[in-house]
Amino acid sequence: MMQKNEGSLLSRLQNPAGLKILNASELNLLAAEIREIIVSTVSENGGHLASNLGVVELTIALHRVFNSPEDKIVWDVGHQCYAHKLLTGRYGVFPLLRKAGGLAGFPRRSESPHDCFNTGHASTSISAALGLLAGERLRGGRARTVAVIGDGALTGGLAYEAFSHAGQLGLPLIVILNDNKMSISANVGGLSKYLSRLSMKSKYQLFRRHFDAMAKKIPFIGDVFFDLVVRLKRAVKAVFYTDNFFVDLGFEYVGPIDGHHIQTLIGILEDVRRLDRPVVIHVITRKGKGYSFAEDDPGAYHGVGSFSVSGGLALSGAEGREPAVPAAGSSFTDVFGAALLDAARKDERVIAVTAAMDKGTGLSAFRQEFPKRFFDVGIAEEHAVTFAAGLAAKGLRPVTAIYSTFIQRSVDQIIHDVGLQNLPVTFALDHAGFVTADGETHQGLFDISLFRAVPNMTILAPAGAAELRRMLDWALGARERDGEAGPVMIRYPKALCPAEPPALSLPLEKGRGVWLSGGCEEGRLCLAFAGGLYREALDAARRLEAEGITADLYNLRFLKPVDEDYLADIMNRYAAVAFMEEGIQSGGFGEYAAELAQRRHCRSALAVFAAKGGDLGTREELLRENRLDGEGLVSRLLVFSESPAACRAL
Ligand SMILES: Cc1ncc(C[n+]2csc(CCOP(=O)(O)OP(=O)(O)O)c2C)c(N)n1
């Protein structure tokens with residue numbers, strides 16, 4: 001698919017070198033064209049609208065001044081890279097943004113030499129850029145390296161580790177701090193307040209404005225004199241510096257600068273390009289710039305599904321907003337949010353912790369009703385976990401709601417601070433499984449493998465709303481009555497809850513699942529699935545029925561711990577057992593079950609159907625690609641039931 005607007009400036013730019021010959025008004029026109037394309041494409045494909053609209057001028061200025069791909073630009077999170085993609089030869093394929101087989105919504109080294117580092121998770125840019133720059137210097141090169149990081153991403157600890165190291169190395173790393181006062185929601189934390197104070201305190205703009213006005217008043221030679229003096233001043237001391245946190249770490253600081261004024265940005269970047277020391281350029285932008293709906297409510301337009309350009313989300317429905325009381329067909333996120341609220345009303349020890357994802361994890365209503373028992377720690381998943389461990393050690397019952405992909409950050413905290421101390425922290429892992437459109441960095445496929453290994457950890461996977469409520473209730477109290485303690489993880493997909501059979505409402509029995517059909521029947525086929533795959537397992541069972549094969553459905557519920565006697569009994573009685581999970585195969589539940597079967601010399605034939613991986617596409621497409629949808633499961637199960645040995649090779 002190609003873009004139609006062939007007369008546009010953008011359509012004529014084959015690569016960023018074309019930018020170098022455009023005049024000021026053409027650059028402004030280009031910015032307008034880029035905005036229009038971003039709005040229209042995202043309105044159809046969904047994507048990170050507001051963040052991208054905020055960096056259009058900055059991206060143009062960067063590509064005007066630096067020579068990508070020799071000079072490197074690392075985009076933190078990478079969700080704001082659309083203008084960069086449009087300016088680096090991907091205009092023609094932009095309609096395929098976030099589509100299977102199309103353009104990723106994040107930088108991809110495999111997609112273009114201009115994408116010098118893959119991103120998706122926050123706060124990595126300064127570390128990566130510093131590594132690229134140190135590598136460049138070690139190899140004798142002189143190319144420049146720029147990290148573009150948002151004020152939200154700056155709440156992540158990794159950024160400070162990198163600042164500290166960069167200050168020590170003293171290499172001429174250029175860090176652009178894109179300050180729009182927003183993470184997904186309004187930014188939080190002391191640093192965010194500090195940046196605001198810095199913006200007000202800094203005299204740079206004031207100085208520039210007075211100086212510009214004064215110099216331009218000098219007759220005849222005004223402009224020439226102005227240019228000359230500014231250049232001289234810049235050459236001597238580059239720009240006007242202010243003492244602050246970044247300076248103390250060994251960086252020069254320039255700013256704050258209007259991030260929507262292309263010529264100002266170009267001027268500063270050209271100066272800074274010549275510096276031989278690390279520098280932070282503090283750029284102020286407006287999230288959602290140029291599209292009034294997004295400017296008015298940048299949080300709602302951070303990540304959107306398709307919407308109407310003229311009517312905004314009001315006509316189309318936003319992603320990630322949750323009602324306090326979920327309606328029929330609610331998402332797992334909605335159900336979790338409402339269940340947690342109920343639990344908090346009954347037990348004042350219940351506390352909610354999020355890492356910059358209050359809406360995404362369904363906690364908005366909680367935040368409103370219990371502001372003192374709600375903590376948004378910023379994009380700081382490691383801290384969120386250890387902070388929750390502290391709360392738990394003080395006798396509280398924290399629930400830390402984090403997407404599966406982002407909790408990867410916290411492996412050590414979960415082992416060291418929670419698991420080893422056996423503290424009652426509950427983890428609500430949203431987006432566990434395949435994730436629509438955000439690509440490989442956002443797939444929630446590793447949690448089962450990573451956290452099954454953690455001492456004292458319980459991992460639960462609900463198949464639907466009632467079961468999710470049961471599990472949360474169990475995690476937060478019911479198990480205490482049975483003398484159980486320790487951490488619990490509840491993992492569920494980004495999906496709507498299916499219609500549920502009554503069995504899903506049955507109380508939990510530690511280590512055991514629940515039968516949805518059959519129940520330890522001799523000689524039959526058993527489909528043993530982890531919660532999120534209920535719909536697919538049911539579909540497979542129905543299709544098998546049509547082929548004359550009866551399969552019993554066993555919902556595992558507990559991915560850890562497991563009542564091994566009970567599971568081994570299943571793996572003896574059934575002719576064949578197929579384990580199914582929406583998680584990576586290596587180290588997953590199925591591999592554990594196979595090991596148990598071997599240890600206990602179980603007789604059933606076994607198959608493990610798990611994820612191999614996932615990239616762009618919808619959750620449904622990715623399930624199909626991994627042959628974990630009803631049809632894919634059945635095609636494998638048919639081979640399996642005829643010849644279990646052949647199935648192992650599938
Ligand atoms: C480790 C991690 N946690 C959470 C997220 C989800 N996330 C994506 S963008 C974002 C906010 C980023 O804010 P900022 O860096 O200020 O960029 P802006 O969108 O405001 O331009 C968050 C929390 C993530 N990408 N990575």
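Note that these values count all heavy atoms, side chains included, but never hydrogens, waters or copies made by symmetry.
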Side-chain (D347) to main-chain (A343) donor-acceptor, under 3.5 angstrom = no
Would you mind reporting whether V385 and V425 have side-chain heavy atoms less than 4.5 Å apart?
-> no
In terms of side-chain geometry, is the basic nitrogen of R367 or D358 positioned less than 4.0 Å from the acidic oxygen of its partner?
-> yes
Please tell me if the side chains of T426 and R397 come closer than 4.5 Å, counting only heavy atoms from C-beta onward.
-> no
Stepwise, does the side chain to side chain contact (heavy atoms under 4.5 Å, CB included) test hold for L556 with L559?
-> CA-CA 7 Å; L556 292 163; L559 304 184; 4.1 Å; yes
Option from D569, D565, N572 for which side-chain hydrogen bond (donor to acceptor under 3.5 Å, both in side chains) with R600 holds | D565
L313 vs V304 side-chain heavy atoms within contact, under 4.5 Å = yes
Donor-acceptor under 3.5 Å (D115 side chain, S110 main chain) | no
Can you tell me if CD on E595 sees more than 12 non-hydrogen neighbours from other groups inside 6.0 Å?
-> yes
For the residue pair H121 and F406, is the inter-centroid distance of their aromatic rings smaller than 6.0 Å?
-> yes
Closest heavy-atom pair, G464 versus C497, reported as atoms and distance to 0.1 Å, is C-SG, 4.3 Å
Please confirm whether the backbone N or O of G105 pairs with a side-chain atom of D438, one donor and one acceptor, at under 3.5 Å?
-> no
Determine, step by step, whether T441 and T119 satisfy the side chain to side chain contact (heavy atoms under 4.5 Å, CB included) criterion, reporting the C-alpha distance in whole Å, the side-chain angles of both residues, the deciding distance to 0.1 Å, and the verdict.
-> CA-CA 8 Å; T441 53; T119 45; over 6 Å; no
Smallest heavy-atom separation, I415 atom then V454 atom, equals CG1-CG2, 3.8 Å
Counting only heavy atoms not in Q368, do more than 12 fall under 6.0 Å of its CD?
-> no
To the nearest 0.5 Å, tell me how far L508 CG sits from R479 CZ.
-> 11.0 Å
Parallel under 30°, tilted from 30 to 60°, perpendicular over 60°: which one fits the rings of H302 and H79?
-> tilted
Measure the NE2-SG distance between H48 and C81 for me, rounded to the nearest 0.5 Å.
-> 10.0 Å
Within the side chain of D376, is there an N or O that forms a donor-acceptor pair under 3.5 Å with the backbone of G378?
-> yes
Counting only heavy atoms not in E348, do more than 12 fall under 6.0 Å of its CD?
-> no
Residues 528-540, side-chain donor-acceptor partners within the protein, below 3.5 Å, at least two apart:
from : atom 1 : to   : atom 2 : distance (Å)
R535 : NH2    : L496 : O      : 2.6
D539 : OD1    : R543 : NE     : 3.2
D539 : OD2    : R543 : NE     : 3.3

Are any of the side-chain heavy atoms of T550 and L544 separated by less than 4.5 Å?
-> no
Compare every heavy atom of S123 with every heavy atom of I379, then report the nearest pair and how far apart it is.
-> O-OG, 4.5 Å
What is the distance from atom NE2 of H442 to atom CG of L616, rounded to the nearest 0.5 Å?
-> 11.5 Å
Mind checking whether F579 and F589 have parallel, tilted or perpendicular rings, split at 30° and 60°?
-> tilted
Taking the side chain as every heavy atom from C-beta outward, state whether I402 and F427 have any pair of such atoms under 4.5 Å apart.
-> no
N/O donor-acceptor pair under 3.5 Å between Q443 side chain and G613 backbone | no
Here the gap from L622 atom CG to D615 atom CG, rounded to the nearest 0.5 Å, amounts to 8.0 Å
Hey, does the side chain of N456 reach the backbone of G486 with a donor-acceptor pair shorter than 3.5 angstrom?
-> no
Answer whether the closest heavy-atom distance between the side chains of L628 and F609 falls below 4.5 Å.
-> yes
Pairwise distance CZ(R627) to OG(S635) - rounded to 0.5 angstrom = 4.0 Å
Would you check, one step at a time, whether the test side-chain hydrogen bond (donor to acceptor under 3.5 Å, both in side chains) holds for N555 with E467?
-> CA-CA 11 Å; N555 170 16; E467 199 166 51; 2.9 Å; yes
If you round to the nearest 0.5 Å, how far is CD of E382 from CD1 of I407?
-> 10.5 Å
Can you tell me if CZ on F117 sees more than 12 non-hydrogen neighbours from other groups inside 6.0 Å?
-> no
Does the ring of Y566 carry R512 above it, NZ/CZ under 6.0 angstrom from centre and within 45° of its axis?
-> yes
Look only at the side chain of S330 and the backbone of V335, and say whether a donor-acceptor pair between them is shorter than 3.5 Å.
-> no
CD/E631: more than 12 non-hydrogen atoms of other groups inside 6.0 Å | no
For the pair H416 and Q421, evaluate side chain to side chain contact (heavy atoms under 4.5 Å, CB included) and give the outcome as yes or no after the intermediate values.
-> CA-CA 7 Å; H416 178 271; Q421 300 192 68; 5.9 Å; no
For the pair R624 (side chain) and D629 (backbone), establish whether a donor and an acceptor sit closer than 3.5 Å, ignoring hydrogens and angles.
-> no
Please walk me through it: do F434 and L445 pass side chain to side chain contact (heavy atoms under 4.5 Å, CB included)?
-> CA-CA 7 Å; F434 292 110; L445 298 177; 3.8 Å; yes
Which atoms form the tightest heavy-atom contact between L429 and M489, and what is the distance?
-> CD1-SD, 3.9 Å
Is the ring centre of F374 less than 6.0 Å from the ring centre of F370?
-> no
Short N-O contact, K612 and E625, less than 4.0 angstrom | no
Between Y592 and R452, is there a cation-pi geometry (under 6.0 Å to ring centre, at most 45° from the normal)?
-> yes
Minimal non-hydrogen separation, A551 against S517, with atom names | O-OG, 3.8 Å
Test side chain to side chain donor-acceptor pair (under 3.5 Å) applied to D417 - qualifying residues, sequence neighbours left out | T386
Stepwise salt bridge (charged side-chain N to carboxylate O under 4.0 Å, His left out) check, R557 with E509 = CA-CA 9 Å; R557 283 189 157 179; E509 258 187 283; over 6 Å; no
Please check if the side chain of S449 supplies one atom and the backbone of S586 the other of a donor-acceptor pair under 3.5 Å.
-> yes
Please examine the side chains of I570 and W515, heavy atoms only from C-beta on, and report whether any two atoms are closer than 4.5 Å.
-> yes
For T361 and D430, test the side chains for any donor-to-acceptor distance below 3.5 angstrom and give the result as yes or no.
-> no
Non-neighbouring partners of D447 that pass side chain to side chain donor-acceptor pair (under 3.5 Å), sequence neighbours left out = S404, R491
For the pair R524 and D552, find out whether any cationic side-chain nitrogen is under 4.0 Å from an anionic carboxylate oxygen.
-> yes
Under 3.5 Å, is there a donor-acceptor pair between the side chain of D334 and the main chain of S331?
-> yes
Do the non-hydrogen side-chain atoms of K85 and E111 ever get within less than 4.5 Å of each other?
-> yes
Shortest non-hydrogen separation from Y554 to C526 and the atoms involved | CB-SG, 3.9 Å
Near-ring test Y492/H431, centroid separation under 6.0 angstrom | no
